[in-house]
Amino acid sequence: MPVSLPPPAPTAAAPAAASPATIAMEGLAVQLAGRPILHGLTCQLHGRAIGLLGPNGAGKTTLIHTLLGFYRPSAGSAHLLGAPIAAGAAARAAIGYMPERDAFIARMTGVQFLRLMGELSGLPPDTALERAHEALFFVGLGEARYRPLESYSSGMKQMAKLAQAVVHGPRLLFLDEPTNGLDPTARRRMIQLIRALRASGETRFLLSSHLLHDVEECCDEILILKDGRIAAQCDLEAERRTHRRFVFVETQGEGAPAFWAALQQRGCVCATAPGNRGKIILPEGLDAAEIFRAAAAHQVQLRRFEYKRDSLEEIFLRAMNSPAAAAGAA
Amino acid sequence: MPIFEHAYHPYDGPLTAPRRLPLAIARRGLAEAFASRLVVLLLGAAAIATLVFAILIYLHYNLPALRILRLAVTKLVPIDAQFFTVFLVIAAVLAFFLALWLGPPAIARDQANNALPLYLSRPITRPQYLWGKMLPLLLLLSVVTWLPGLFLFVLQASLAGGQWFAANLHIAAGIFLGSLVWIVLLSLLANALSAALKRRWPATAALVGLFFIPGIVGGILDNFLTTPWGRLLSPLALMRIIWQGLFRLNVPAYGFVPGPDGHRVWGVLPPVPAWSAWLVVALLAAGCLALLARSLRPYPPIR
């Protein structure tokens, strides 16, 4: 049972409800070497940018490999953009995959590598060559495209892996730890590229990462796994919208009780705490400036004013410590 | 779409039919093969061998040329099943070296560089990947075995006439089938060892060992147990038995056989039926396919 985070609602960027889910799983279970790894995962992910989180051994990579058809589910089913993964190779026509580990084809230049990958995805040879150049320029390897892949640095190889995943213009991308082993500059560049992919509105992706900050920057929906079970599924955009309405204030002045009462009259939910501190939940449509107006009207000083929202880290930790997740682990 | 945009664009143009996707792998394999000097050298040697055999055939029907060379027709090698078998043996040796050079690195390099997930996350299946990897080898081995073999047969038939052609049609079938068995077996063994051992040179060593060590063991078994079946352990002996059957030849094999006084003497070994050799080859091929099915995975199986 997932924890009771907000239900997955279509975000602004998400497609209409009638279109197939990006990823849909129904009781998806996987056993490896007789050991259950994924336990009947059921969910519908509609986001354009889905973050896959979980501690080591949670089953993130196994889930990606199963969705790619590398492992056969022991029970249940899954659909990618409406196509069943059981359809095999045909289901992978619109998919791109950036593996976690270093992966390339020996004795090739960057452009030869991407051309081959494009052709294997079904592009005609001439188109594959053209798109290979474009993809390499897109990831910033334009100047290095005629160099052998073996001579690339770790960061360049990581970019080449991203380029091969997008060369055929997939509709769904699987990015497994894309920022692994990158220095801060390269990591920033990778995040920018992933955000550019999201902004293009032409592709959706599932991003698996240990780095919550990366996921928070790139994704609009998250799925958290723990011990092969769904610990949480939440729409990050909706979370952000909800929690942006929390305001923490610290007041000083005799008129504080009247100030709190005035805010309540305006529809705010207020909770005071010792030390003249308080938390205000603003209702829909009420501007934060109202707080300042109320303070001025009641001659109250605002010594502290900060928006507070749950960070992904808090959501993640809450999911990890939730009784449901603990029960799943047990 | 100009490259200076540096932007992501989807693709919604025409796609290649899935059955043609392995050709992309094969094209790459062929390009890599022709970049190797050794491959060009071996192909050149095959061409020279074919030319020599073609000249031998031609001389049979060109008396002025024989006069110039001061040769008598009777002194020339007769153009019969034995003639084509000799050509096939030479072609098979060249094919073996080609397979030894091109086969072991084919899959091993992909395994070593974790490339299988890249291939298999695309709309190709494992059999298609294997087909793409085997195709260059099969093509190049065909170029040195049955293609020139059939060319020589057609040359001889065109010079000797329809009667010779009708009487020796089994030779053409022997050239084609005999070569096919050899090149398929070589390709399967080379690729299976490449996939299983994941490194080029161990796979090369294993391929050499597989062709020669079982032959030695089989010979020892034959001599100690005075049985003819030990030969079936050797891929080379298997091919000899199969080719002899296809070319309708009866060349005896020699070894130690029980003598009249109970001691073992050097003599003609009892023949081994051709079906047993076909059976062992089929088992070997099945073993290779099983090994490939086990090894060709995007990620190693968890145990």
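Chain A is the first sequence line, chain B the second, and so forth, proteins listed ahead of strands; every chain is numbered from 1.
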Considering only heavy atoms, which portion of [X] lies under 4.5 Å from any heavy atom of chain B: side chain, backbone, both, or neither?
X        : result
A:Pro170 : both
A:Ser200 : side chain
A:Arg35  : neither
A:Ala196 : neither
A:Val139 : neither

* **Pairs touching residues 15-24 of chain B that satisfy side chain to side chain donor-acceptor pair (under 3.5 Å), sequence neighbours left out** =>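 Output for this query is empty, none listed.
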* To do: Decide, yes or no, whether a salt bridge links A:Arg188 with A:Glu217 under the criterion of side-chain N to carboxylate O below 4.0 Å.
  =>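 A:Glu217 and A:Arg188: salt-bridged.
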Given the options [options], which has more heavy-atom pairs under 4.5 Å with chain B than any of the others?
options                                : value
A:Leu149, A:Ile105, A:Leu136, A:Thr127 : A:Ile105
A:Leu193, A:Leu68, A:Asp102, A:Val167  : A:Asp102
A:Ala94, A:Ser121, A:Ala93, A:Pro99    : A:Ser121

* Is the B:Tyr299 ring parallel, tilted or perpendicular to the A:His65 ring (thresholds 30°, 60°)? ->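 Ring orientation, 0 to 90° scale: parallel.
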Can you name the nearest heavy-atom pair linking [X] to [Y], along with the distance?
X        : Y        : value
B:Tyr11  : A:Arg131 : CB-NH1, 3.7 Å
B:Leu207 : B:Leu100 : CD2-CD1, 3.6 Å
B:Ala91  : B:Val144 : CB-O, 3.1 Å
A:Gly110 : A:Tyr152 : CA-OH, 3.5 Å

* **Ring center gap for B:Phe211 and B:Phe96 short of 6.0 angstrom** =>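 Close enough - the centres of the two rings lie under 6.0 Å apart.
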* **Verdict with reasoning, A:Glu177 to A:Lys161, per salt bridge (charged side-chain N to carboxylate O under 4.0 Å, His left out)** => CA-CA 11 Å; A:Glu177 306 281 359; A:Lys161 276 197 299 179; over 6 Å; no
* Asked: Do A:Asn56 and A:His210 meet the criterion of a side-chain donor-acceptor pair at a distance under 3.5 Å?
  ->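 Yes - a donor-acceptor pair under 3.5 Å links their side chains.
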* **Contacting region of B:Pro117 [heavy-atom separation from chain A under 4.5 Å]** =>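 Contact with chain A is through both the backbone and side chain of B:Pro117.
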* Is there side-chain contact between B:Gln111 and B:Leu116, with heavy atoms separated by less than 4.5 Å? ->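 The answer is yes; the side chains approach within 4.5 Å.
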* To do: Can you check whether anything in residues 24-36 of chain B gets within less than 4.5 Å of chain A, heavy-atom wise, and list it by number?
  =>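 B:Ala24, B:Ile25, B:Arg27, B:Arg28, B:Glu32 fall under the 4.5 Å cut-off.
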* Asked: Out of B:Leu118, B:Asp12, B:Asp110, which one racks up the most heavy-atom pairs below 4.5 Å with chain A?
  ->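 The candidate making the most pairs under 4.5 Å is B:Leu118.
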